[in-house]
Structures are given as structure tokens and as C-alpha cells.
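Have a look at the structure below before the remarks.
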Amino acid sequence: MTTPQPDMAERYEQARGLFEHGEYQEAARALASLVDDSALEPPLHGTTELRLLLARSYFHSAQLNRAERVTRAILADHPDEAYANLVLGRTLQRQGRHAEAKPHLAMAELLGGYAGSGRLPGDDAGDRLGDRG
């Protein structure tokens with residue numbers, strides 16, 4: 001007898017749990033698989049939230065090129081996504097690409113009220129991205 005495979009919602013919850021427990025590389029692997037599978041089996045909702053969590057997982061695990069690629073893809077679909085602008089801006093900052101980061105951080109502030117420094121209110125650790133507000 002085979003064990004039933006978890007559905008996409010269960011897999012998402014597992015990946016989110018990994019993220020919330022600071023297991024960012026494992027979360028990124030699980031989320032990347034979900035993003036890939038969502039192309040074959042449409043999720044209940046759009047994939048923007050899923051892809052944002054993937055980008056955050058990449059950011060926190062210092063996979064900055066991947067974080068940049070995912071956030072740029074999100075912004076290609078949804079240019080007014082404030083949090084994607086914030087994640088991209090912080091990713092570029094972390095790579096030392098401050099001039100490129102500036103317009104994305106400005107958009108994040110304009111569209112989502114995120115702090116001009118690219119940090120969320122109360123975020124004292126410069127490389128951290130908190131939950132969406």
C-alpha cells in the first residue's frame with residue numbers, strides 16, 4: 001500500500017513551517033518544488049504569495065541571485081507589488097548594488113508604506129525581512 005502524497009496546501013504549510021523555524025534552505029527547496037508543480041496543477045489562488053515566500057527563503061539563505069530572479073519575475077507580472085519591490089531592493093542592497101536598489105525601495109515605500117531604508121518598522125537587523133504588513 002502506498003502512502004498518499006500531500007496535496008499542495010499541505011506542502012505549502014510544511015514549507016511555511018520550515019521558513020518560520022528559520023530553515024530557509026529547506027523551505028526554499030520545498031517552495032521551489034511547489035512553484036514548479038503549480039505550473040502543472042494550478043493552485044487554489046495565484047502564485048504571487050508562494051513566489052514571495054520563495055524569494056524570502058532565498059534571501060535569508062543568501063541565495064541572492066535566485067531571490068533577485070524570483071522577485072523580478074513577480075514584478076514582471078505585478079509591477080505594483082510593494083513587497084516584491086522591497087525584497088528586490090533589499091536583495092540588491094545586500095549585493096552592494098545600492099543604485100539599482102533605490103527605485104525598488106522607493107516603490108516599496110510608496111506602494112506599501114515600507115520604511116525608506118528598506119527595513120520594515122521595528123526591524124533592527126538590516127538583512128532581515130519580516131512578515132508582510
Kindly give the heavy-atom pair with the smallest separation between L50 and Y12, and that separation in Å. CD1-CD1, 3.7 Å

Compare all side-chain heavy atoms of F59 with those of L64 and state whether any distance is below 4.5 angstrom. yes

Here the gap from L31 atom CG to D36 atom CG, rounded to the nearest 0.5 Å, amounts to 11.0 Å

Please identify each residue that fulfils side-chain hydrogen bond (donor to acceptor under 3.5 Å, both in side chains) with Q95, with sequence neighbours left out. N65, R97

To check you understand the geometry: which heavy-atom pair defines the closest contact between L92 and E100, and what is its length? CD1-O, 3.6 Å

Atom pair CZ/OH of R51 and Y58 - distance to nearest 0.5 Å: 12.5 Å

Is there a side-chain contact between L52 and I74, using heavy atoms and a 4.5 Å cut-off? yes

Return the orientation label for the F19 and Y24 ring planes: parallel under 30°, perpendicular over 60°, tilted otherwise. perpendicular

Audit row: L86, H104, side-chain contact (heavy atoms from CB on, under 4.5 Å) steps and yes/no: CA-CA 6 Å; L86 177 63; H104 295 287; over 6 Å; no

In Å and rounded to the nearest 0.5 Å, what is the CG to CG distance from N85 to L75? 4.5 Å

Just wondering, do E20 and L18 contact through their side chains at under 4.5 Å, heavy atoms? no

Is R16 salt-bridged to E13, cutoff N-O under 4.0 Å? no

